[in-house]
Novice: 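Handing you a structure now.
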Number of protein chains: 2
Amino acid sequence: MNTPYHHGNLRQALLDRAIKTLSEKGVEGLSLRGLARDLGVSHAAPLRHFATKVELLNAIAVEGVGSLIAATGGVDANPPGVARLRAMILAYVDWAIEHSELHHILRNPDVMRHASDDLTALLAAFADRQRQEIKAAQESGWRTDTDPEVLFLHLVSLTAGTAIVTTEEVYQRRVAAPETRSNVEASIDLFLG
Amino acid sequence: MNTPYHHGNLRQALLDRAIKTLSEKGVEGLSLRGLARDLGVSHAAPLRHFATKVELLNAIAVEGVGSLIAATGGVDANPPGVARLRAMILAYVDWAIEHSELHHILRNPDVMRHASDDLTALLAAFADRQRQEIKAAQESGWRTDTDPEVLFLHLVSLTAGTAIVTTEEVYQRRVAAPETRSNVEASIDLFLG
DNA sequence: CTTTCAATGTTGACGTTGACTACATGCTGA
DNA sequence: TCAGCATGTAGTCAACGTCAACATTGAAAG
């Protein structure tokens, strides 16, 4: 038979295709039915894997945060300290540039508004990691006279902000062209150095 | 007659009601037909003022940026310099807290993806203002040895990031509770001081 | 004061979507 | 083998965005 009754791995196929569509048409341009059409299955097939559109977006966000955590976890080879903190921030920004569709999802208030428990747990885990790196950097002598909570707030804000500015089209022309990555590093070093 | 044929000022009523709905249900929960129902007009009446939903969102975003510019412009009483730069950043963050629905709109990639020329022009104007304040602060002796473009990138990133972190629900519990505004100031001063 | 006309609102229609239900198919393990 | 569960299909419904045709109104032009 040309098309088997069962797709094989529809769930992952939906996720992959959805991410692709999202990067082209955004959240409002993404439809479960369109996805089904693209993959050659019936219009209600996606509902077997994601009961609602919100659930699909959440699953994508979960995949995104997982990918982000993996990317920023790759710097653990460095010894704890400012250098590793720096590597983590840059890994975040680079990840956002490379996976801008996923980053957009995580930045979309309409998606995060309905964040599942899984998703918020993952985000909390990442926040803990950031807090931990701050602590390690302070223990190695960096900014020992500053409240760790203030440093944490600054870190999270600066990281998120830099990722946005280097990723979103509206800013790219005006603030940070992709080729000005050296400026990004210099900006981060204003905080670290 | 009970309800006059002409509404009077449907355009502004649509904008106001849309902002209210947005803060409760988000972009996907906002519908032109629902708006029409809420205001007691026919389902197609809104189209006379906003031909598409995207157009309505753009108009809201324009109103938002205008409001933001006005808010940050209120600090012009201060003489140019670091103090005024500081006031501008804090005015931005405070504006984001107070008008979080508008801020969310401006942070929604799905909205900014279809930004109109009006909107991008306004955003450019605001970016120019930020660049100008950086220049003024440097002329008053602040961080004279740093590339202005790097400072500008840092300012935009930190401002946007802080506004997000203090505004978005996902962060509020974890990073910055509303009552920790003193931490926000301390965080900003890491950059300014 | 009329006449005209652009702005504004209404009605009805069309295609698409998310979501529900009932049903069909196929894999797997008892 | 075959019972049961996961997965896919088909049909339906209300809501939505958008369009076109028509109605009403106020204001400008004569």
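Here is the naming used below: chain letters follow the sequence lines, and residue numbers restart at 1 for every chain.
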Novice: Could you tell me the separation between the CG atom of B/Leu10 and the P atom of D/dT24, rounded to a whole number of Å?
Specialist: 19 Å

Novice: Quick check: any donor-acceptor pair below 3.5 Å linking the side-chain of A/His43 to the base of D/dG11?
Specialist: yes

Novice: Quick check: any donor-acceptor pair below 3.5 Å linking the side-chain of B/Arg33 to the base of D/dT18?
Specialist: yes

Novice: For B/Asp38, is there an ion pair with B/Lys20 - N to carboxylate O distance below 4.0 angstrom?
Specialist: no

Novice: Anything under 3.5 Å between a donor and an acceptor, one on a side chain of residues 84-91 of chain B, the other on a protein residue two or more places apart or in another chain? List them.
Specialist:
residue: B/Arg84; atom: NE; partner: B/Glu133; partner atom: OE1; Å: 3.3
residue: B/Arg84; atom: NE; partner: B/Glu133; partner atom: OE2; Å: 3.1
residue: B/Arg84; atom: NH1; partner: B/Asn78; partner atom: O; Å: 3.2
residue: B/Arg84; atom: NH2; partner: B/Glu133; partner atom: OE2; Å: 3.0
residue: B/Arg86; atom: NE; partner: B/Asp189; partner atom: OD1; Å: 2.7
residue: B/Arg86; atom: NH2; partner: B/Glu185; partner atom: OE1; Å: 3.2
residue: B/Arg86; atom: NH2; partner: B/Asp189; partner atom: OD2; Å: 2.9

Novice: For A/Arg37 and C/dT17, is the shortest distance between a side-chain N/O and OP1 or OP2 below 4.0 Å?
Specialist: yes

Novice: Calculate the interatomic distance between B/Lys25 atom NZ and D/dC16 atom C1'; express it in whole Å.
Specialist: 14 Å

Novice: Grab the CG-C1' distance between A/Leu30 and C/dT16 for me, whole Å please.
Specialist: 14 Å

Novice: Does the plane of the ring in B/Tyr92 sit parallel, tilted or perpendicular to the ring in B/Phe126? Use 30° and 60° as the thresholds.
Specialist: tilted

Novice: Can you tell me which nucleotide in D/dG11, C/dG18, C/dT11 comes closest to the side chain of B/Ala44?
Specialist: C/dT11

Novice: Counting only side-chain heavy atoms from C-beta out, which of C/dT17, C/dT8, D/dC19 sits nearest to B/Arg48?
Specialist: C/dT8

Novice: Check if the side chain of B/His49 and the base of C/dG9 share a donor-acceptor pair of N or O atoms closer than 3.5 Å.
Specialist: no

Novice: Please report, rounded to the nearest Å, how far the P atom of D/dC19 is from the NZ atom of B/Lys53.
Specialist: 15 Å

Novice: Without decimals, in angstroms, what is the distance between B/Leu57 CG and D/dC16 P?
Specialist: 15 Å

Novice: Please say whether more than 12 non-hydrogen atoms of neighbouring residues, nucleotides or ligands are located less than 6.0 Å from CG in A/Asn9.
Specialist: yes

Novice: Please give, in whole Å, the distance from D/dA15 P to B/Glu28 CD?
Specialist: 18 Å

Novice: When the distance from CG of A/Leu35 to P of C/dT16 is rounded to whole Å, what number comes out?
Specialist: 17 Å

Novice: Measuring to OP1 and OP2 of C/dT17, would you say a side-chain N or O of A/Ser31 lies under 4.0 angstrom away?
Specialist: yes

Novice: Between B/Arg11 (CZ) and C/dG9 (P), how many Å, whole number?
Specialist: 12 Å

Novice: With the side chain counted from C-beta on, respond yes when B/Leu190 and A/Arg143 share a heavy-atom pair under 4.5 Å apart, and no when they do not.
Specialist: yes

Novice: Just compare D/dG8, C/dA19, C/dG9 and give me whichever is closest to any side-chain atom of B/Ser42.
Specialist: C/dG9

